[in-house]
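Quick notes on the structure that follows.
When a ligand or atom number is given, it counts from 1 through the structure's own listing order. Residues take their numbers from the sequence shown, with the count starting at 1.
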Amino acid sequence: MQENIECLRCLICGKEYAPDDVQYICPDHNLDGTLDVNYNYDNIKKIFDLHTLKKNLDFSMWRYKSLMPITENISPPPLRVGWTPLYHSNHFVNKFNLKNVWIKDEGQQPTGSLKDRASALAIVKAQEAKATIIATASTGNAGAALSGLSASANQKNIIFLPESAPRAKIAQLQVYGSTIILVNGSYDDAFNLCRSACELYGWYNRNTGYNPYMSEGKKTVAYEICEQLIWNAPDLIIVSVGDGCIIGAVHKGLKDLLALGWINKMPRLVGVQAAGSNYLTQAWENDEYLQIKPAIKANTIADSISAGLPRDRFKAMNAVTQSDGVFVTVTDDEILAAIPELASNTGVFAEPAGAASLAGLKKCLEKNLIKSDENVVLINTGNGLKDIKSSQQAIDKFKSTAHLVNPDIQALKSIEKFFPI
Ligand SMILES: *Cc1c(COP(=O)(O)O)cnc(C)c1O
Ligand SMILES: [Zn+2]
């Protein structure tokens, strides 16, 4: 057993398991029995401290491997995952009258989304489990992440996608050479088929909200934010929510840092959901019991946060309630408008689910949920180049700045009034 892990604990019944005794979920609670990995911080403190970290020149997510569910002699996939930039935005400080606003740009990950953090860890765990094939269901980005990282590590993999996944995202998997199964059905159907196939063929299952270790990869984004802010935790972290794995992981990372004494407060976590896919906002607002609330019909332009039954809903709900945070809902139009607003003010080009964090910030300001002396971090979860169609739609709708001229200087002069001054 690994020295740094204490147990895996079921979020429903609290039953504790040794990592070797259970692979994915609590056997007593089936799909609801998401497991949380619990660490022995005393053991970790013996080998890992801020001084050790500061000397570490590995600027990737693996700089925190002592806080991850892996043995020390791991060989992670070659692609560099993590240590994405945290940009300060003076524009947004002035525009929104806040103390500080930063954008954590996960669009800079090797396959263009935060999912790389989870898939990189999944490949290590699959190797530990001696599985020859690793599989996942995905709406696009989780698959791309597994696909690209697998390509770099020479790992055989199979991706299950709903047939409706954006063509560009499917193309990304195809160039990486994955085996792709397009499921004639929803993401939920793809998820269930993938799970049955993993059981039948003995493949390693990376599915979000099912494999307990995915949160443990994604939580490194919270470590980085805090390290980049020299361990001054922000007041708020705003992130979009589909399955809820990311927000749960951000919470987990912050809890680790609090337990180690590296930060001294828990930031309020803001979960941003699309109006057409707001299961968790509904449950949070109406105090609904997650074990019985049925799936909703999800429909939003932000395909990465379209989830009728959020797979990691228990961790996501804990993240918001335990951090004194909120869930907010934004419309597809607000999400679309946020794409050019984020890009033109900060240079960060986000896909709809990434820009949703900015739409969420504006919603919080509207509702007076943030004070002007507070520090805010927005997470851009995915690169805008993944979904050009949506940004074209946003431009058509909110901002058209292309001017057609004949190729001569007089013609150009005739549109001088459009030049920036
Ligand atoms: C997966 C994803 C999300 C949402 O993460 P969940 O864990 O499903 O809540 C948000 N944005 C992007 C770009 C994603 O790929
Ligand atoms: Zn249980």
Any nitrogen or oxygen of [X], side chain or backbone, less than 3.5 Å from one on ligand 1?
X: Cys245; answer: yes
X: Ser113; answer: no
X: Asp243; answer: yes
X: Gly242; answer: yes
X: Val241; answer: no
X: Lys115; answer: yes

Return yes if a side-chain donor-acceptor contact under 3.5 Å exists between [X] and [Y], otherwise no.
X: Glu199; Y: Asn205; result: no
X: Lys315; Y: Asn318; result: no
X: Gln393; Y: Asp396; result: no
X: Asn157; Y: Tyr176; result: no
X: Lys104; Y: Thr84; result: yes
X: Asp116; Y: Ser119; result: no

Which atoms from ligand 1 have a heavy atom of [X] less than 4.0 Å away?
X: Asn141; answer: 13 (C), 14 (C), 15 (O)
X: Gly244; answer: 6 (P), 7 (O), 8 (O), 9 (O)
X: Ser240; answer: 10 (C), 11 (N)
X: Ile305; answer: 3 (C), 4 (C), 10 (C)
X: Gly382; answer: 13 (C)

What is the ND1(His29)-the Zn ion (ligand 2)-SG(Cys10) angle, to the nearest 10 degrees? 120°
Looking from the Zn ion (ligand 2), what is the angle between SG on Cys13 and SG on Cys26, to the nearest 10°? 110°
Classify the contact between Glu351 and ligand 1 as side chain, backbone, both or neither, using a heavy-atom distance cut-off of under 4.0 Å. side chain
With the threshold set at 4.0 Å, does a side-chain nitrogen-carboxylate oxygen contact exist between [X] and [Y]?
X: Lys99; Y: Asp235; answer: no
X: Asp28; Y: Lys15; answer: yes
X: Asp387; Y: Lys169; answer: no
X: Glu224; Y: Arg117; answer: yes

Is it true that Gly354 lies under 4.0 Å from ligand 1, counting heavy atoms only? no
Option with minimal heavy-atom separation from atom 5 (O) of ligand 1, where the choices are Ile247, Asn383, Ile246: Ile246
Quick test: of every protein heavy atom, which one is nearest to atom 12 (C) of ligand 1, and how far off is it to 0.1 Å? Thr381 OG1, 3.3 Å
Name the residue from Phe59, Trp62, Tyr223 that meets the ring pair (Phe, Tyr, Trp, His ring centres under 6.0 Å) definition with Trp83. Phe59
